[in-house]
Amino acid sequence: MTWLEAHVPETVLLVGGILAILIALTYAGNKNGGKYKFLMILGAFFGAFMLVLSFTEGDVWRTGTSIIILIAAFTLLIRPFRNVNFAIVLALLVMGVVYLALEGLNGYMLFDHIDLTSLSAGWPRIILAFVAGSFVYMITNFLQAIVQFFGKILNCWPILFILGIVCMIEAYSMYMGYISVFDYVRALIGM
């Protein structure tokens, strides 16, 4: 087993912390620059990698470490997508799928008594597709608003900078065999 394999969470935390700090510093310096945009995309890819690792190997890590890795992964991954409206894209996709699927009701009998052919063409087909898309939009817009709310809070550059430092401290404390930063804070506030 190599050193990197033996110290996966520490390495992931260290790299994630460095990326978070670099993103915060380049954003504060020049948020429209190419260096910031490159680091943001690199952070999103690394955040996705952190997320995959936390789901595949997180069960053997300490709880505090897993929480810090998940928060850092979410923060790095959501940063480029903070202002994208996924709800409308998903609603339009559902509308298209429902519209196409309703064509299959031509000649279909429900319980051998109810003819659903009228739903497969014209205005009923359009209205049903619209209602399905609207329903999906309502739900996903609500979920998207929650995710964006936490994403914007965690991606505020001072908070992102502090999160990067916390990740690096957690990596150091794990490497040295100390308790998790999360456990230390819990003990400090008496939880």
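Of all the heavy atoms in Leu77 and Ala44, the pair that sits closest is CD1-O, 3.3 Å. Across every non-hydrogen atom of Ala91 and Gly133, the tightest pair is CB-O, 3.3 Å. Residues Ile23 and Leu39 share a closest heavy-atom pair of CD1-O, 3.5 Å. In terms of heavy-atom proximity, Leu19 sits nearest to Phe46 at CD1-CB, 3.7 Å. Nearest heavy-atom pair, Ala20 versus Gly164, reported as atom, atom and distance to 0.1 Å: CB-CA, 3.8 Å. Heavy-atom minimum distance, Gly16 versus Met50: CA-SD, 4.3 Å.
Interatomic distance, Leu76 CG to Leu42 CG, rounded to the nearest 0.5 Å: 9.0 Å. Note that the CD1 atom of Ile41 and the OH atom of Tyr36 stand 9.5 Å from one another [nearest 0.5 Å]. Taken from CG in Asn141 to CD1 in Ile146, the straight-line distance is 10.5 Å, to the nearest 0.5 Å. Put simply, CD on Glu170 and CD1 on Ile69 are 7.5 Å apart, with the number rounded to the nearest 0.5 Å. Between atom CE of residue Met168 and atom CD1 of residue Ile21 there is a gap of 5.0 Å, rounded to the nearest 0.5 Å.
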Would Val94 and Tyr137 count as a side-chain contact (heavy atoms from CB on, under 4.5 Å) here? Give the steps. CA-CA 9 Å; Val94 167; Tyr137 179 76; over 6 Å; no
Steps toward side-chain contact (heavy atoms from CB on, under 4.5 Å) verdict (Ile88, Leu92): CA-CA 6 Å; Ile88 191 69; Leu92 288 172; 4.3 Å; yes
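One hydrophobic cluster, built from ILVMFWY side chains closer than 4.5 Å, cannot hold both Met138 and Val89; they sit in different ones. There is no path of hydrophobic side-chain contacts, each under 4.5 Å, that joins Phe130 to Leu128. Note on Ile71 and Phe150: same hydrophobic cluster, where clusters join Ile, Leu, Val, Met, Phe, Trp and Tyr whose side-chain heavy atoms are under 4.5 Å apart, directly or indirectly.
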